[in-house]
Every structure is written in C-alpha cells, then in structure tokens.
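Data first, discussion second: the structure below is written as structure tokens.
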Amino acid sequence: MRPAGERPLSCVRSFCKSRFAFLFQFICFYDFIFPVCSLIEKLSLSHIPFKNDAIVESWQELIDDCLGNIHTFNTKDRPGIEAAATAALSALSKEFYKTDSGEALLFVQDSLLSRYLEGLHCDIEQVRGSFAMALGVLPDFLLRGRLQQVLQGLYGVTKTPSTFPEFYDARRDAVVAIASVCTTVDACWDGDEQADLCQQNVDTIYNALMEAMNDFTRNIQGDVSLQVRVAAMNAATDVTLLLAKREPRFLTADIMRQLMCAFAPHLGETVKNTQKFATLSFMKLLHHDSPPLDHIPHRRQLEEIFPRNETLQTPTEIFPRAARLLSLPAYRPGMLLALSIAAGNVSTTQVVTKPLLEYIRSNEDSVEMNDFCELLLDILDSNLENARISTELLSAVDIMLSSGCFDVIEDSNHPFPQKLFSLCKRALRNKNLNKLKKIISVFCGLMQFHGELRRDIVKNLLYYLGHRLLQVRVWVAEQLYEMLLMFDDLLSPDDGEVTMCILSETNWHEPPDALKPVLNKLKEYMTKVMPPTALSPQRLVCLSSFQISNPLSQR
C-alpha cells in the first residue's frame, strides 16, 4: 500500500509536467506566461517537495526563456512578465537551490550566475535589464562566493558605453539591482569581498551609484536618463541608511562628502518632480536620526537652510534655498553648475535667476569675486564642448553680464573678461546656431569692461555681421544696435548716430556679397571705439527687465 499522500503528490507532479509541456508551445503569449510564472512562485512558496526533481529544471528553463526573450513581448506586457519571472526566480531559488545546511548547490550556483552574468553583456537593452533585475533578487547563499563578480557586472551595466549610449532602461535596472543586492547580503567591516559588503567593495557600490546620479544622456526624445538619476538617488539613500544601521564605519568622511555633493546639484534640476525627489532625499539623509549620519559637510548650515519641519514642494520654494548652498565651499562648484544651467534654461529662468544673481551681487569683496570668476571660468572651460549644457551656460553668463553682476571689477587688466572672451572664441568652432547666438550676446555684454578688449570684440562682431547665414547676420545687427544704446561711450555721438542708422536701415536679408559696401562703412565707424570710461551700475541696462526699442527686431 502506498504511504498516505503519495498518490496526490504524484498527481500534482504529473499535472505540472503535462501542463508545462503544453504551455511551452505558447511561450510567446503573455496570457500563458504570466500565470505560469505565478504558479511557479506559489508552488515554491508552498514548499512543495519537488527538490531534485526534473520539473524544477523545466521551471528554471521557462524563467530563463522569459528573461532572455523579454524583448519579443509586447511593450506594455514586458514589465509584468519581468516582475512575474523575477518573483518566480526568487521563490524557486530560495526553495530548491540550497542544501539542508543552508549552503548553495554549487553546480546550480555556477551555472545560474554564469548565464546571468553573460546576459549582462547582451546587445539587446531589455535583455540586459531583465538579467540585471534577476541578479538583484537572488538569495544571499547564491551570491556568497561570487558577490564581487556580480557587483562588477552590474557596475559595468550602469556605465554609459559609447557602443550603446541609449541603454538607459538597462542602466536603471542595474542601479536598482545593486541596491537590492546590498539589502540581501550582510555588511561586515572585515568581511570577505566575495560574500559580504566590506571595505573592498563598498567603494565600488558608491562609485556606481554616484556615476549614475551624474548620467545626463540625451537623445531626440529629450532627457531620457532622468529615470537613471532618480533610481540612483533612491538607491544611494537606501544603501546609506542601511549601512548606517549595520556598519556605520563604512560611511567615511570622504564617502559622505562625495555623496552629499553628488546630491546637492539635483536640487537645481529643471524637472519639477526630480527636483522635489532630490530635495526630499537630501533632507532624509540630513535629518536621519536612527542613527544620525556623521561627516555631512556643513551640517549646521544645512539644517538652517533645510529645517526638519518644512516640506519643500515647488521650484519657487526650493531654488532660493538651493542658491544658499553657493555660500558653502564644499557644495559651491556643483551648485553653481546646476543653477547656471537652470538659469540658462528658458522654462526656469524667472524662478532661478533672482536667487542666483542675488548671491553673485553679494560678493562685494574683490577676493570673493575673484574666486567666483575663477570657478565660473573653470566650469565653462570644462563644459564648453558639452552639447547638452554649453548653450545654457553661455545663456546664464549673458544674464550675469547684462544684470551688472560684475560691476565690482574695475581693474582694466583684470583677467576675467579676457579669459571669458578667449573661451567664447574657442567655442565659435562649434557650428551650433543657438550657441553662436549666445556667444555673440556674451561678446556684447563684455563691452562693459575697460581695456583694449573692446576693440577685439568689435572686430569679431563685424566679422559675423557678414556671416553666410541670414539668422546670424540679423542677430548680430540687433545685438550691435542694443549694445550702442547700452554703452553710449563707445563712439562719439555723431559716429554712434550714423552707425545706428546704418544698422537699422540696412536690409540684412541680402546676400553677404551685396552687403560688403555696408560692412566696410560700418568698419570705418566701429573701429573708432573711444577709450572706455568707468560705467556706473545705473548705466548698464538689464535686458531681462527692460525691453530696448530696437527697430531691427520689429521687422
């Protein structure tokens, strides 16, 4: 006689085998795959005694097929299938892939991790992401002994390779997987790098997360890497708070400085929801109590800027506080870059410009202004070839110049205007029309400074007044006209009046060859630039708040 329960178990086994054999024929259909993965998960969670049974291998094959062919499913079905497959994998591995002593079955561990790590190098974005998520749900006993390989593999996916720059979904999934792995394994100061979070691999984890926080990949769809940055901020927050509870010694002064300085620029994000999320995460780290995080740079000043009991939701609430970080040396470079980009962005100009300009004008001391100018030049120099932000940076510099932010610079030999002019001339090699327009505007703004620089600027403006592109010629003519209105000491009254008449009456839509006589005449007058006199702040018209009547712009 069979022992009680053997027949029902045999029936279940036979049913599962027959049904799975049938369902494999329809693997491409979502209506079959989703319930099958859910069934695998439920049977595993129920501790069904199928250990060492061949059907477990069939279940694993089904899960691997789902992960490796995720790109063949309908786009709207992929998230559900991936979630069902990874949930089934997690339950299956916890139940069937360990010995009675809790150790991993070595032949399963080697085979499984080798396949999944190889999947991270797939040329198909969705497949990379699905295998990354699969690695993130594996239990600790399967990761033990191979942890460093898993972390390095996921770190490689988070990077932006030149061969596949568009793989932003895979980068996001890899970031999420890293945080999941950190939650799964133990943290031990003197632990084994192949089994625990320890001194040897914590730096790798934070490097991956902070690089992902700095991912600003763009394509024709826009800022597609936004989700990568959000995932990285969320992961960095979770990992940091986890380590604070398990092993605070990992959170060294260097790591906390890098982390907080990586978070801070996102307070100047131009996307409202991202800025709000970054602010909440930043304040969560700042005000965490159990236990409090040590080594946060300028903690006391930050607690004054971002009080615990305040909830900041909108850009009008966040930008003024973010601008106050410019007064803190540790955060100044990143914040100046972020706020300059935001100020040069059309959608956020009005919100961010005021606090940024107020900070610049507060640098009344010559030493402070010199430091600010050097930092601004370094930022512009480093990002001049960056197509994503160079135009916004030049636009921000134009706003600063036209708002009288540098009136405290009275030395005619001050290096700032000459260095800025040289950087702009270097940027002229780029053929981008919008960038060229911004450079011309900066040239006109530089006319407020004393010295021979004015004559060099005029020569360059006259050159671009004869540019082959109509838009450039018209733009230069408009900027020259406004410049002569702003700076009435450039030319003698008679020469200035004649020059403005020529600029306003000339039809700049004519081809460059037909404009040569006009250009020669303008050159005759404009090269008579008079020795500049000191300009008071009242003589510098702020274009952002006052509309100059320019007949050229009314055509």
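The model shown is predicted, which means the values in this text are computed figures rather than measured ones.
No side-chain donor-acceptor contact under 3.5 Å links Ser395 to the backbone of Thr391. A distance-only check finds a donor-acceptor pair linking the side chain of Glu125 to the backbone of Tyr168 [under 3.5 Å]. Not a single donor-acceptor pair under 3.5 Å links the side chain of Arg172 to the backbone N or O of Gln227. Here the side chain of Asn432 pairs a donor or acceptor atom with the backbone of Lys435 at under 3.5 angstrom. Side-chain N or O atoms of Gln200 include none that pairs as donor or acceptor with a backbone N or O of Asp190 at under 3.5 Å. Using modelled atom types, one side-chain atom of Ser340 and one backbone atom of Leu336 make a donor-acceptor pair closer than 3.5 Å. Without hydrogens or angle criteria, Ser90 side chain to Ala87 main chain gives no donor-acceptor distance under 3.5 Å. Although no hydrogens or angles enter the test, the distance criterion places a donor-acceptor pair under 3.5 Å between the side chain of Ser281 and the main chain of Phe277. When atom types are taken as modelled, the side chain of Thr158 and the backbone of Tyr155 share a donor-acceptor pair closer than 3.5 angstrom. A distance-only check finds a donor-acceptor pair linking the side chain of His266 to the backbone of Met213 [under 3.5 Å].
Counting all heavy atoms, side chain and backbone alike, Ala330 lies closest to Cys261 at O-SG, 3.2 Å. The two residues Pro79 and Thr75 have their closest heavy-atom pair at CD-O, 3.5 Å. Across all non-hydrogen atoms, the minimal contact from Ala235 to Ala179 is CB-CB, 3.7 Å. Pairing each heavy atom of His71 with each of Gly68, the nearest pair is CE1-O, 3.6 Å. In this structure, Ile399 and Ala343 approach most closely via the heavy-atom pair CD1-O, 3.6 Å. The two residues Ala264 and Tyr331 have their closest heavy-atom pair at CB-CD2, 3.7 Å.
Residues Lys94 and Ser44 form no side-chain contact, since every pair of their non-hydrogen atoms from C-beta on lies 4.5 Å or further apart. Taking 4.5 Å as the limit, every side-chain heavy atom of Val127 sits out of range of all side-chain heavy atoms of Leu67. A 4.5 Å side-chain heavy-atom check between Leu251 and Asp294 finds every atom pair outside the cut-off. A heavy-atom distance below 4.5 Å is not found between the side chains of Leu267 and Arg321. In this structure, the side chains of Val157 and Val175 stay at 4.5 Å or more apart for every pair of heavy atoms. In this structure, the side chains of Leu325 and Leu339 stay at 4.5 Å or more apart for every pair of heavy atoms. By the 4.5 Å heavy-atom criterion applied to side chains, Glu95 and Leu45 are not counted as neighbours. Proximity of Val36 to Leu62: side-chain heavy atoms (C-beta onward) are separated by under 4.5 Å at one or more points.
The 12-atom threshold is not exceeded at CD of Glu118, counting heavy atoms of other residues, nucleotides or ligands nearer than 6.0 Å. Sparse packing is recorded around CG of Asp100, with 12 or fewer heavy atoms of other residues, nucleotides or ligands lying under 6.0 Å away. Atom CD of Glu57 is surrounded by 12 or fewer heavy atoms from other residues, nucleotides or ligands within 6.0 Å.
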Working for side-chain contact (heavy atoms from CB on, under 4.5 Å), residues Cys198 and Trp189: CA-CA 5 Å; Cys198 61; Trp189 180 255; over 6 Å; no
Side chain to side chain donor-acceptor pair (under 3.5 Å) between Asn201 and Gln194, intermediate numbers included: CA-CA 9 Å; Asn201 54 32; Gln194 293 292 357; over 6 Å; no
Derivation of the side-chain contact (heavy atoms from CB on, under 4.5 Å) call for Leu394 and Leu380: CA-CA 8 Å; Leu394 288 166; Leu380 191 59; 4.2 Å; yes
Verdict with reasoning, Ile33 to Cys66, per side-chain contact (heavy atoms from CB on, under 4.5 Å): CA-CA 8 Å; Ile33 291 299; Cys66 290; 3.4 Å; yes
CA sep, side-chain torsions, deciding dist, call: Leu285, Leu241, side-chain contact (heavy atoms from CB on, under 4.5 Å): CA-CA 8 Å; Leu285 294 173; Leu241 298 184; 4.0 Å; yes
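Atoms OG1 and NZ, from Thr316 and Lys272 in turn, are 8.5 Å apart once rounded to the nearest 0.5 Å. We find the OG-OH distance between Ser130 and Tyr116 to be 9.0 Å, quoted to the nearest 0.5 Å. Rounded to the nearest 0.5 angstrom, Asn345 CG and Glu392 CD are separated by 6.0 Å. To the nearest 0.5 Å, atoms CG (Leu376) and CG (Asp371) are separated by 12.5 Å. One finds the CG atom of Leu375 at 7.5 Å from the CZ atom of Arg332 (value rounded to the nearest 0.5 Å). Annotation: the span from Ile296 atom CD1 to His287 atom NE2 amounts to 9.0 Å, rounded to 0.5 Å.
Taking the six-membered ring where the residue is Trp, Tyr359 and Phe372 present perpendicular rings, their angle passing 60° and hence far from 30°.
Counting only residues at least two apart or in different chains, ring pair (Phe, Tyr, Trp, His ring centres under 6.0 Å) contacts with residues 198-234 are absent. Listed by first and then second residue, the side-chain hydrogen bond (donor to acceptor under 3.5 Å, both in side chains) pairs involving residues 242-260 are Glu247-Arg249, Asp254-Arg257, Asp254-Gln258 (not counting sequence neighbours).
Look at Arg429 and Glu385 and you find no salt bridge, because none of the NZ, NE, NH1 or NH2 atoms lies under 4.0 Å from a carboxylate O. One finds a salt bridge joining Glu269 and Arg229 here, because a Lys/Arg side-chain nitrogen approaches an Asp/Glu carboxylate oxygen to under 4.0 Å. Salt bridge annotation for Arg144-Asp196: absent, with no cationic side-chain nitrogen under 4.0 angstrom from a carboxylate oxygen. For the pair Arg426 and Asp381, the salt-bridge criterion is met [side-chain N within less than 4.0 Å of a carboxylate O]. Note on Glu304 versus Arg300: salt bridge recorded, some NZ/NE/NH1/NH2 to OD/OE distance being below 4.0 Å.
Side-chain atoms of Gln60 and Asp64 form a donor-acceptor pair, as typed in the model, at a separation below 3.5 Å.
Taking the six-membered ring for Trp, Phe282 and Phe306 have ring centres closer than 6.0 Å.
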